[in-house]
Amino acid sequence: MPELPEVEVVKRSLEKEIKNLTIQKIKIFDGDLRYKVKNQELNKIVGLKLLKIQRRSKYLLFFFSKKNLMVAHLGMTGKFLIERKNRLKQKTSFYYQADYTKNKHNRIEFLFHDNVKIIYNDIRKFGFIKLERINKNICDIKFLKILGPEPLSNELNFKYFKKYLVGKKRNIKSLLMDQKFISGLGNIYVNEILFKSKVRPSKKVSRLKDSEIKYIIFYTKRILKNAIIKGGSSIKDFSNSTGKQGKFQQHFNVYGKQHEECSNTDCNKIIKKIVIGGRASFFCSKCQK
DNA sequence: AGGCATGTTACAGG
DNA sequence: ACCTGTAACATGCC
């Protein structure tokens, strides 16, 4: 589930549930994630209070008291599931309905006081959870240091874009996927952005017109914002933020739509699927130049 | 059975 | 050293 909008949705729902709560206990069922996690490491935050959660790109940053930071990345299939024991009976809200405890892909469990439990579940184990000390600037953290600007910030503007293209020979899709250029986009949203911008994913960046660059920037921001409002996109294994499904997949124009007709009203071309940089790429050969 | 999957990165080759 | 493309990671689904 996790590109920028999905991570943002997770961040908001998590913060609503566990901000200002203190961790009582952590159980690791399988710490063999992208990086190995050990009890010894995670136990450092037991007894500490969660002050706030931030999102940077696709990373979640959990700020705990005493300058402890927990960095999490969801990889391809990571999720945080929320469970409140004492409210299971009520079933008034989707947050409290499910009993997630028995899922075999539960990797780590965080028990907060107030009977709130957060479960990190990850089928493919490409995600990770890691503790960091906050010494100086969070920007110095290894994972965050190499990231380009947030696409929703003013740092992503025409001037930045244009300047970055100098000397580059790549195609536009790989560039948008490159987290050093802009951080937070992934395969789904890049396909959708390029469709709306009427730019072919294979187009070399050196051949982009100024107007096309402006469209790409505009639709990057618009599509991401819309997706966040819709609760992100839930594909296949659905369950987005915390049991709640996202709705943005209903608005996909090209992703996963090979063999379907182009959604532009004046076009009846069939959406094509090709591979660029090892990833599935979808486009309309008539509308995207 | 084989191909494919929302991400990142180590490595090879230019 | 830089730029670019590919393979690998672990697991499930069609």
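The figures that follow rest on heavy atoms only: side chains count, while hydrogens, waters and symmetry mates do not. Sequence lines set the chain letters: A, B, ... in the order given, protein chains first and strands last, and positions in each chain run from 1.
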Please confirm whether the shortest side-chain N or O distance from [X] to OP1 or OP2 of [N] is below 4.0 Å.
| X | N | value |
| --- | --- | --- |
| A/K58 | B/dT8 | yes |
| A/H73 | B/dT8 | yes |
| A/Y255 | B/dT6 | yes |
| A/R34 | B/dT9 | yes |

Is there a ring-ring contact (aromatic ring centres under 6.0 Å, His included) between A/F29 and A/Y120? Walk through the geometry before answering. CA-CA 10 Å; A/F29 305 120; A/Y120 179 70; over 10 Å; no

In residues 178-188 of chain A, what residues come within less than 4.0 Å of DNA chain B, judged by heavy atoms?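 Within this stretch, A/Q179, A/G186, A/N187, A/I188 sit under 4.0 Å of the strand.
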
Consider only side-chain N and O atoms of A/N43 and A/K38, and report whether a donor and an acceptor are under 3.5 Å apart. no

With a centroid cutoff of 5.5 Å and a plane-angle limit of 30°, would you call A/F126 stacked on B/dG7?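 Stacked: ring centres under 5.5 Å, planes under 30°.
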
Expected list for residues 272-279 of chain A near DNA chain C, using heavy atoms below 4.0 Å, is none

Each stem that DNA chain B is part of, given as range with range (3 or more consecutive Watson-Crick or G-U pairs, under 3.5 Å): B:2-5 with C:11-14, B:7-14 with C:2-9

Does A/Q288 reach the main-chain N or O of A/L194 with its side chain, forming a donor-acceptor pair under 3.5 Å?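 Such a contact is found between A/Q288 side chain and A/L194 backbone.
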
Could you tell me which non-hydrogen atom of A/L156 sits nearest to which non-hydrogen atom of A/I217, and how far apart they are? O-CG2, 4.0 Å

